[in-house]
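Structure first, then comments.
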Amino acid sequence: QYHHYFRNLAATRGYYDILLVDPQGNIIYTVKKENDFGLNLLTGTLKNSNLAEAFTLVNRNPALGVSFITDYRRHPTSNNKPASFISSPIHTDTGEYIGVLIFQMPIAMLNSVMHVTAGMGMTGETFLIGQDKLMRSDSRFYGEDSILNTKVDTQSADFALKGMSGIFVEDDYRGIPVFTAFTPVKFMGLKWAAIAEIEQDEILASLHQMTTFLLLAGGTVLIFIFAAGFLLASNIADPIVSMTKIMDKLANNDLSTNISV
């Protein structure tokens, strides 16, 4: 009866999957109908998954309006790909708790936000990392499968995960010198870090071009000044040198010397 609604909701909002779980932990509905459909989250093969965690967090406290999120972990029934879940209780009009609504969060939509490169040049990127320093969004350079695979073990990651923000130069997770800006990110209990980087060579390229231009311009000006000074000095010195030679000849009784006026 409601499948078309949930299917359209998943498609328009970009959710990977939408699940309904009863208070006993049985997955009674999913949009995708993967291998988790029909399993029990308290006793089945998924009891140690973050999907089971998302259900349990609500099931322990199914108060109106509460919601919980679980960090990315590999989900066995989604080809072992990274998955994160947001869960919230379902109540009837009379307030009776009847189950849990769970959204499997989209990775593509998160990447589309983090991969905006406006103003980031050819080598700039932004990404998210978790407490384990593994990426929570895919790298611009490593592409897919960066999440939970690529580790960012840098000083900026340490500072951001400790709640600090800042900007400095360091070698990034690829071993390349970069200018990096970092800040902590907190959302529904998750403590991540957002890091933006751009390679040092690209940042300094314009400075190097300006330095080269100034050196060339300065050299050109110096050459012009030297040439102008040489010509001016020649115009002043030549008559004096000529007069000195004539005076030397007169001093040696060379009276045939022609003294020009």
Residues Y97 and N59: side-chain donor-acceptor under 3.5 angstrom: yes
Backbone of N80 reached by a side-chain donor or acceptor of R74 within 3.5 Å: yes
Step-by-step side-chain contact (heavy atoms from CB on, under 4.5 Å) determination, I102 to I18: CA-CA 6 Å; I102 301 178; I18 301 175; over 6 Å; no
Tabulate below the donor-acceptor pairs under 3.5 Å that side-chain atoms of residues 82-90 make, not counting sequence neighbours, or state none.
| residue | atom | partner | partner atom | Å |
| --- | --- | --- | --- | --- |
| S84 | OG | T70 | O | 2.6 |
| S87 | OG | A54 | O | 2.7 |
| S88 | OG | V66 | O | 3.0 |

Hphob cluster co-occupancy, F182 + Y173, side-chain heavy atoms under 4.5 angstrom: yes
CA sep, side-chain torsions, deciding dist, call: T123, E197, side-chain contact (heavy atoms from CB on, under 4.5 Å): CA-CA 8 Å; T123 62; E197 299 180 345; over 6 Å; no
L101 vs L20, side-chain contact (heavy atoms from CB on, under 4.5 Å): CA-CA, chis, key distance, verdict: CA-CA 5 Å; L101 173 65; L20 296 175; 3.6 Å; yes
Within one Ile-Leu-Val-Met-Phe-Trp-Tyr cluster: I69 and L19, side-chain cutoff 4.5 Å: no
Contact list for residues 2-11, test side chain to side chain donor-acceptor pair (under 3.5 Å), sequence neighbours left out: H3-Y29
Heavy-atom pair with the smallest gap, counting every atom of E34 and S78: OE1-OG, 2.9 Å
Side chains of L134 and I129 in contact at under 4.5 Å (non-hydrogen atoms): no
Side-chain ion pair, D153 and K151, N-O less than 4.0 Å: no
Validation row: T45, L39 side chains within 4.5 angstrom (heavy atoms): yes
Straight-line distance of H91 NE2 to E96 CD, nearest 0.5 Å: 9.5 Å
Min side-chain heavy-atom separation V152-M135 under 4.5 Å: yes
Any donor-acceptor N/O pair, N26 side chain to V21 backbone, under 3.5 Å: no
Common cluster, V58/M105, ILVMFWY with side-chain heavy-atom separation under 4.5 Å: no
Closest non-hydrogen atom pair between D171 and T154, with its separation: O-CG2, 3.6 Å
Closest heavy-atom pair and its distance - F37, I27: CD1-O, 3.9 Å
From W192 atom CH2 to F127 atom CZ, the distance as rounded to the nearest 0.5 Å: 14.0 Å
Electrostatic pair D71-R136, nearest N-O below 4.0 angstrom: yes
Heavy-atom side-chain contact between I107 and Y72 under 4.5 Å: yes
Donor-acceptor contact present, side-chain T56 to main-chain E53, <3.5 Å: no
Nearest heavy-atom neighbours spanning R140 and E125: N-OE1, 3.0 Å
Heavy-atom closest pair, residues K32 and Y16: CE-O, 2.8 Å
Residues, nucleotides or ligands: over 12 heavy atoms within 6.0 Å of I28 CD1: yes
Main-chain N/O of T77 paired to N35 side chain as donor or acceptor, under 3.5 Å: no
Single-linkage hydrophobic cluster, 4.5 Å side-chain cutoff, V185 and I147 together: yes
F168 and F179 aromatic centres sub-6.0 Å: no
Under 3.5 Å: donor-acceptor pair, side chain of D22, backbone of Q24: yes
Value rounded to 0.5 Å, distance of OG1 in T30 from CG in D17: 5.0 Å
Side-chain donor or acceptor of T12 paired with backbone N/O of L9 under 3.5 Å: yes
Whether E170 side chain and Q155 backbone form a donor-acceptor pair below 3.5 Å: yes
H75 side chain to Q104 backbone, donor-acceptor under 3.5 Å: no
L57 to F68 - nearest heavy-atom pair and separation: O-CE1, 3.4 Å
Lys/Arg N to Asp/Glu carboxylate O, R174 vs E199, below 4.0 Å: yes
Check: S139/S146 side-chain N/O donor and acceptor closer than 3.5 Å: no
Qualifying residues under side-chain hydrogen bond (donor to acceptor under 3.5 Å, both in side chains), relative to D158, sequence neighbours excluded: K133
Verdict with supporting geometry, V31 and Y15, side-chain contact (heavy atoms from CB on, under 4.5 Å): CA-CA 10 Å; V31 170; Y15 295 119; over 6 Å; no
hydrophobic_cluster_shared for M188 and L128, side chain cutoff 4.5 Å: yes
